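Report on the following structure.
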Amino acid sequence: MCKNDGGPLLVRYDLRRVRDGISRDALGSRPSTLWRYRELLPHEDGDAVVSLGEPNTPLVETPALGRALGLARLRVKDEGLLPTGTFKARGAAVGVTRARELGVTALALPTAGNAGAAWAAYGARAGLRVVVVMPATTPDVIVRETAAYGAEVYLVPGSIADAGAVVRAACAKYGWYDASTLREPYRIEGKKTMGFELAEQMGWRLPDVIVYPTGGGVGLIGMWKAFDELRAIGWLRAKLPRFVAVQSTGCAPIVKAFIDGRPESEAWPDPHTFAAGIRVPKALGDFIVLRALRESQGIAVAVTEEEIAGRMRVAGETEGMLVCPEGAAGLAGAATLRRDGWIRDDDEVVVFNTGTGLKYAESLQGERPRTLGIGELPLERELNNETRERRGR
Ligand SMILES: *Cc1c(COP(=O)(O)O)cnc(C)c1O
């Protein structure tokens with residue numbers, strides 16, 4: 001955080017040196033982890049990285065899901081396969097690596113849930129003390145997961161903003177490292193690798209539209225920064241995508257600021273959504289998100305809880321993908337924008353599924369399956385018409 005105005009700091013690289021030092025083809029021989037982009041990541045010594053083997057995540061063709069949503073050219077970048085089940089592993093891998101290099105022994109962070117789990121896991125790997133403060137309404141699986149990595153976990157009434165106030169005061173009092181979103185500049189460096197991966201997977205070009213479920217907005221800012229760096233070193237010449245930030249109608253500060261034409265958001269009163277990762281009433285980097293949306297000719301859109309639940313189900317039924325509610329919000333946002341005509345029929349669309357739906361099993365809908373009687377067989381029946389249509393058969 002900047003000592004003068006409290007604003008976020010961003011890491012800058014000597015991009016000329018990167019450009020002269022490595023070619024994009026040389027990446028091909030490197031392992032498929034986020035560290036393959038190490039010249040554009042903040043760490044001093046390649047052997048000292050804290051890693052749980054974070055893979056490059058698949059960019060999945062989803063034709064049947066696309067048909068169900070009216071999107072002819074839809075792909076999903078599935079971040080659910082990372083350690084701890086969300087893209088927060090990217091930020092934690094790089095953030096914890098850098099914290100350890102800086103000599104940190106104890107760190108604290110507020111979280112809507114998944115960042116706490118990721119930092120707890122990487123902190124355990126690095127041998128650091130980790131203190132996590134999260135809303136009492138965080139999904140139980142995530143609370144228990146975080147504790148299982150040995151972190152000290154505290155719950156607070158309210159939202160991540162209330163958790164943040166506790167962490168700030170505790171860090172001031174005890175001298176802990178404050179790992180809150182954008183209060184240290186390294187987490188975003190990890191998250192930007194989503195952008196590097198996407199560009200590389202697409203053969204060093206980008207889709208027309210990137211849809212991102214937005215809470216703190218760090219992933220979106222990170223990708224924006226990633227594309228900027230790739231252009232500066234000459235690896236990317238293609239036009240930039242239009243960014244879409246999707247939020248829930250129960251917590252939509254960025255959408256409201258976007259519609260009102262304002263440069264930053266106002267704290268959302270009483271935020272609620274079961275998509276816990278995007279329940280952020282006021283993001284520290286909101287002004288950067290809004291700038292990225294506007295400069296990219298993008299847009300911000302809010303979707304309802306019913307739409308989120310519905311898209312979770314459709315993704316599972318059509319493609320066998322158990323997306324998280326945040327990812328489902330992204331799908332719902334894309335469907336809305338297609339219906340409105342903002343996304344055109346021939347637009348290539350990538351939606352980020354930011355985590356696995358397994359962590360949200362509590363909120364999965366549907367009746368509990370019936371237990372068969374002894375000797376009783378399942379019913380013999382065909383797929384019903386609706387399912388057949390969704391599956392494109
Ligand atoms: C944190 C989180 C988000 C929001 O990410 P930001 O980059 O902070 O906007 C979305 N989805 C999931 C699953 C998350 O954990």
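Since the model is a prediction, treat every value here as computed from it, not as a measurement. Counting starts at 1 for both ligands and their atoms, in listed order.
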Quiz item: For ligand 1, which atoms, with element, lie under 4.0 Å from some heavy atom of Tyr212?
Solution: 5 (O), 6 (P), 7 (O), 9 (O)
Quiz prompt | Those atoms of ligand 1 less than 4.0 Å from some heavy atom in Asn114 | solution = 13 (C), 14 (C), 15 (O)
Quiz item: Do NZ/NE/NH1/NH2 and the carboxylate oxygens of Glu189 and Lys225 come within less than 4.0 Å?
Solution: yes
Self-check item: SB check Arg36 Glu200 (cutoff 4.0 Å)
Solution: yes
Quiz item: Judged by modelled atom types alone, do Ser180 and Asp178 share a side-chain donor-acceptor pair under 3.5 Å?
Solution: yes
Practice problem: Determine, using heavy atoms of Ala115 and all atoms of ligand 1, whether some pair is separated by less than 4.0 Å. | Solution: no
Quiz item: Would you say ligand 1 has an N or O under 3.5 Å from any N or O of Leu220?
Solution: no
Self-check item: Numbering as shown, the atoms of ligand 1 that approach Val218 to under 4.0 Å (heavy-atom distance)
Solution: 6 (P), 7 (O), 8 (O), 9 (O)
Exercise. Flag the pair Glu264 and Lys282 as a salt bridge only when some basic side-chain nitrogen lies within less than 4.0 angstrom of an acidic carboxylate oxygen.
Key: yes
Quiz item: Would you say Arg205 has more than 12 foreign heavy atoms packed within less than 6.0 Å of its CZ?
Solution: yes
Self-check item: Any pair counted as side chain to side chain donor-acceptor pair (under 3.5 Å), so long as it reaches residues 148-167, sequence neighbours left out
Solution: Arg129-Glu152, Glu145-Tyr149
Quiz item: For atom 8 (O) of ligand 1, what's the nearest protein heavy atom and its distance?
Solution: Gly216 N, 3.1 Å
Exercise. Distance to 0.1 Å, residue and atom name: give those for the protein heavy atom nearest to atom 2 (C) of ligand 1.
Key: Lys88 NZ, 2.4 Å
Quiz item: Should Thr214 be counted as touching ligand 1, given the test is an N or O pair under 3.5 Å?
Solution: no
Quiz item: Do any nitrogen or oxygen atoms of Gly217 lie less than 3.5 angstrom from nitrogen or oxygen atoms of ligand 1?
Solution: yes
Exercise. Pull out every atom of ligand 1 sitting under 4.0 Å from any heavy atom of Gly215, numbered as shown with elements.
Key: 4 (C), 6 (P), 9 (O)
Exercise. If you have a sec, work out which protein heavy atom is nearest atom 12 (C) of ligand 1 and how many Å separate them, to one decimal?
Key: Thr354 OG1, 3.4 Å
